[in-house]
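Structure, as structure tokens:
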Amino acid sequence: MEAVSTRLSQLFVRTLREDPVDAEVASHRLLVRAGYIRRQAPGVFAWLPLGLRVRRKIEAIIRDELESFGAQEVLFPGLLPREPYEVTNRWTEYGDGLFRLKDRKGADYLLAPTHEEVFTLLVKDLYSSYKDLPLSLYQIQDKYRDEARPRAGLLRGREFSMKDSYSFDYTDAGLEVSYQQHRDAYERIFQRLGLDYVIVKADAGAMGGSRSEEFLHPTPVGEDTFVRSAGGYAANVEAFTTDAPAPRSLDGLSPAEVLDTPDTPTIATLVDVANQKHARADGPEWTAADTLKCIVLALTALDGTRELVVVALPGDRDIDMKRAEVAFAPAEVEAANEADFAKHPELVKGYIGPWTADRAMLGGSAEGEPARSITGIRLLLDPRVSEGTAWVTGANEHGKHVFGLVAGRDFVGDGEVQIGSVVAGDPAPDGSGPVELARGMEIGHVFQLGRKYAEALGLKVLDENGKLVTVTMGSYGIGVTRILAVIAESNNDGKGLIWPKNVSPFDVHVVVAGKDAAVMEIAESLVGNLEAGGLDVLFDDRPKVSPGVKFGDAELLGVPLIVIVGRDAPEGRVELWNRATGERTSVSIDELGSALAAQA
RNA sequence: CGGGGCGUAGCUCAGCUUGGUAGAGCGCUCGGUUUGGGACCGAGAGGCCGCAGGUUCGAAUCCUGUCGCCCCGACCA
């Protein structure tokens with residue numbers, strides 16, 4: 001690209017002295033204040049020249065890395081017909097999140113939220129042989145999602161730019177290679193962008209794929225919680241797993257006994273009363289971790305049927321509803337309501353447990369019968385409730401709990417479920433030590449889709465043996481405008497933006513300070529030289545603006561290198577100002593080029 | 001969808017309690033003085049006080065409704 005110089009006196013920008021009142025997070029506030037973007041509607045932004053320049057810098061890096069392994073760029077429209085999305089059922093599944101519209105004939109259209117369907121169909125149209133594969137296609141295109149609540153400026157918008165790629169292979173091994181190529185390219189892209197990231201295992205269930213990882217940028221404004229261990233483990237909380245302890249012998253465990261525990265509907269009250277009235281003979285106090293909490297959830301399947309399940313987990317844990325949603329998908333999960341309880345009067349709120357003296361209340365029974373429990377409600381166990389563990393839990397009577405109830409002896413679950421809250425200190429499943437919790441913003445996602453879309457849309461090719469095989473696909477996304485916001489979010493100070501050099505709208509910002517015509521002339525020629533040397537230059541040539549305003553704007557706009565042409569210019573000296581460090585050094589004009597190169 | 005807040009000039013806000021015909025700072029235009037950290041003087045342009053009803057001689061102000069926006073939560077391939 002040809003180097004350019006732009007005069008601030010001509011640039012279409014107006015900086016705001018005060019923060020816009022509707023902007024909360026730093027990136028939103030500063031991008032608006034510095035004149036990079038303007039809001040058009042909730043979650044919808046117009047791009048001004050400065051913002052566009054940054055956006056294109058980011059896009060160029062993405063393109064470079066994708067082309068480096070042979071991915072090819074295409075461009076789909078944002079406006080698409082309903083049909084392809086009907087075939088995969090996403091016209092319906094997307095629900096309110098989809099922008100739908102009708103043409104003059106009443107035909108249904110949508111503003112695409114993502115493009116799996118049409119990419120699949122495009123390849124189906126043109127290719128039919130294994131010899132054409134592997135193939136990776138991508139586009140950088142605006143996506144539309146009618147978010148219930150757009151927020152934080154560019155971080156969650158309703159229109160946003162996304163780079164989406166799709167890989168096409170006819171073998172699983174091929175998909176693995178394509179996936180790895182994208183994953184490697186993403187690492188290089190984020191490194192070039194100067195973006196801190198962690199790769200976390202993501203839940204792959206809902207989309208029917210086999211492998212999925214998210215690139216998260218750690219930041220307090222992030223929307224995802226993830227866990228990581230010092231030993232290198234990282235995962236989304238939804239994908240975090242806890243291993244069940246090895247089964248313990250049932251021999252020698254004391255029998256369960258029902259004890260009075262008046263007024264103990266909560267775990268906290270139960271622990272208190274247990275310690276007061278039923279202290280353990282052999283020492284340690286009862287804690288919440290000794291109790292078994294039984295939570296009644298209502299699942300609504302896609303066909304609308306509602307089923308209650310009880311999840312039993314240690315009393316020091318809560319249910320993480322996000323994890324629950326993933327675990328029970330596609331069914332919807334919510335806490336059981338009054339009507340649900342009314343149908344099961346045998347469930348005594350606050351005193352629910354799996355066991356009664358006669359017959360299992362929930363789940364199966366240790367002896368394998370009776371086949372159905374009293375309630376018939378499925379009992380799902382947290383992995384910590386493993387065979388041979390003993391618990392204090394509800395006795396299904398007001399004011400009574402059963403102590404020493406042993407999993408695998410006195411009650412049996414109908415399955416395991418991993419929806420307990422994850423807390424700092426939990427062991428990583430790979431043995432790499434305790435985890436900590438952190439917030440992150442998803443900036444990239446690599447996903448092995450497998451054959452779901454190819455199957456639904458009939459994308460098959462002939463293999464070496466002349467046999468039709470269904471193509472296997474991957475999809476890979478990077479949020480371009482979100483990345484821009486994340487970079488802004490992580491690169492600013494009280495005075496304004498501080499762009500990393502690879503994405504800065506200009507390489508250098510030249511400020512002419514003072515009204516002297518001679519100084520202005522020197523600045524003009526200096527700008528010309530820098531441009532000739534291949535640098536993009538923003539030139540603050542505004543004649544009637546005081547130096548303070550120019551300096552303030554320079555800091556707000558965030559070009560990392562600033563050159564002040566001022567009082568020492570007639571002596572052949574200018575100041576080189578590093579935006580990030582604030583350091584200013586006097587350099588001779590002759591050496592400016594090398595001084596800039598040294599800073600860059 | 002639940003909770004909270006806010007709609008007055010391009011931006012940030014005052015005025016509303018107690019009704020009397022629209023204000024400030026910044027920005028913008030013109031003239032002049034300034035020019036190394038957000039200068040100053042003078043003269044201007046700019047508002048359907050979100051919208052619709054109502055009360056009243058009179059509504060930015062009181063009442064009702066409505067729309068929109070922001071934040072928190074729910075939701076989010």
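As a basis for the values below, the full set of heavy atoms in this structure was taken, side chains included, without hydrogen atoms, waters or symmetry mates. Residue numbers start from 1 in every chain, and the chains themselves are labelled A, B, ... in the order their sequence lines are given, proteins ahead of strands.
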For a quick check of understanding: with a heavy-atom distance under 4.0 Å over all strands, which category does [X] fall into, base, sugar-phosphate or nothing?
X	answer
A/Glu117	nothing
A/Met520	nothing
A/Val511	nothing
A/Pro543	base

Taking [M] as the reference, what is the distance to [N] when you measure between their [atom1] atoms (whole Å, please)?
N	M	atom1	result
B/U33	B/C49	C1'	38 Å
B/A60	B/C6	C1'	15 Å
B/U61	B/G50	P	8 Å
B/A59	B/G44	C1'	30 Å
B/A14	B/A9	C1'	13 Å
B/A22	B/C16	P	16 Å
B/G10	B/G46	C1'	9 Å
B/G47	B/U8	P	15 Å

Check the interface with nucleotides 2-4 of chain B: list each N/O to N/O pair with the protein under 3.5 Å, or write none.
none

(message) For A/Arg145 and A/Trp577, find the nucleotide of RNA chain B closest to each by heavy atoms; which residue's nucleotide sits nearer the 5' end?
(response)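 The residue whose closest nucleotide sits nearer the 5' end is A/Trp577.
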
(message) Need to verify one output field. Residue with the more 5' nearest nucleotide on RNA chain B, A/Arg158 or A/Asp516?
(response)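 Checking each residue's closest nucleotide, the 5'-ward one belongs to A/Asp516.
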
Rounding to a whole Å, what distance do you find between [X]:[atom1] and [N]:[atom2]?
X	N	atom1	atom2	result
A/Leu98	B/C75	CG	P	20 Å
A/Leu30	B/C11	CG	C1'	16 Å
A/Gln448	B/A77	CD	P	19 Å
A/Phe119	B/A77	CZ	C1'	15 Å
A/Glu213	B/A77	CD	C1'	17 Å
A/Phe99	B/C76	CZ	C1'	13 Å
A/Glu442	B/A77	CD	P	9 Å
A/Arg29	B/C11	CZ	C1'	16 Å

(request) Specify the closest pair of heavy atoms between A/Pro505 and A/Val54, including all atoms of both residues, with the distance to one decimal. (result)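 That closest heavy-atom pairing would be CD-CG2, 3.6 Å.
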
(message) Looking at every non-hydrogen atom in both residues, tell me the closest pair between A/Gly566 and A/Val519 and how far apart they are.
(response)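 Between these two residues, the closest heavy atoms are O-CG2, 3.8 Å.
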
Hey, are [X] and [Y] close enough for a salt bridge, meaning a charged N less than 4.0 Å from a carboxylate O?
X	Y	answer
A/Asp164	A/Lys143	yes
A/Arg63	A/Glu73	yes
A/Arg573	A/Asp568	no
A/Asp172	A/Arg451	yes

Looking at [N], which nucleotide sits across from it as a Watson-Crick or G-U wobble partner, both distances under 3.5 angstrom, or is there none?
N	answer
B/C62	B/G54
B/C69	B/G5
B/C40	B/G32
B/U18	none
B/C49	none

Of the options [options], whose atoms approach the side-chain atoms of [X] most closely?
X	options	answer
A/His445	B/A77, B/G36, B/C69	B/A77
A/Asp553	B/C69, B/G38, B/A77	B/G38
A/Arg14	B/C28, B/A77, B/G36	B/C28
A/Leu16	B/A77, B/C11, B/G36	B/C11
A/Arg156	B/C11, B/C76, B/G36	B/C76

(request) Determine which pairs satisfy ring-ring contact (aromatic ring centres under 6.0 Å, His included) with at least one residue from residues 17-36 of chain A, sequence neighbours left out, and list them in order. (result)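 Sorted pair list: A/His28-A/Phe45, A/Tyr36-A/Trp499.
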
(request) Kindly state each residue pair satisfying ring-ring contact (aromatic ring centres under 6.0 Å, His included) with at least one member in residues 556-580 of chain A, sequence neighbours excluded. (result)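 Listed by first then second residue: A/Phe551-A/Trp577.
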
(request) Examine the side chains of A/Tyr476 and A/Ser167 and answer whether a donor and an acceptor come within less than 3.5 Å of each other. (result)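 A donor-acceptor contact under 3.5 Å links the two side chains.
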
Review item, nucleotides 39-44 of chain B N/O atoms under 3.5 Å of protein N/O:
residue, atom, partner, partner atom, Å
B/A39, OP2, A/Ser546, OG, 3.0

(message) Test salt bridge (charged side-chain N to carboxylate O under 4.0 Å, His left out) on A/Arg211 and A/Glu176; report intermediate values, then the result.
(response) CA-CA 9 Å; A/Arg211 187 176 173 198; A/Glu176 198 59 50; 2.7 Å; yes

(message) At less than 3.5 Å, do the side-chain atoms of A/Arg33 and the base atoms of B/C11 form a donor-acceptor pair?
(response)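 Donor-acceptor pair under 3.5 Å: no.
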
(request) Using ring pair (Phe, Tyr, Trp, His ring centres under 6.0 Å) as the criterion, list what pairs up with A/Phe190, not counting sequence neighbours. (result)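 So A/Phe190 forms a ring pair (Phe, Tyr, Trp, His ring centres under 6.0 Å) with A/Tyr197, A/Phe215.
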
(message) Once side-chain contact (heavy atoms from CB on, under 4.5 Å) is applied, do any residues pair with A/Ala454, and if so which ones, sequence neighbours excluded?
(response)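 In terms of side-chain contact (heavy atoms from CB on, under 4.5 Å), with neighbours along the sequence ignored, A/Ala454 is linked to A/Leu459, A/Thr470, A/Val471, A/Met473.
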
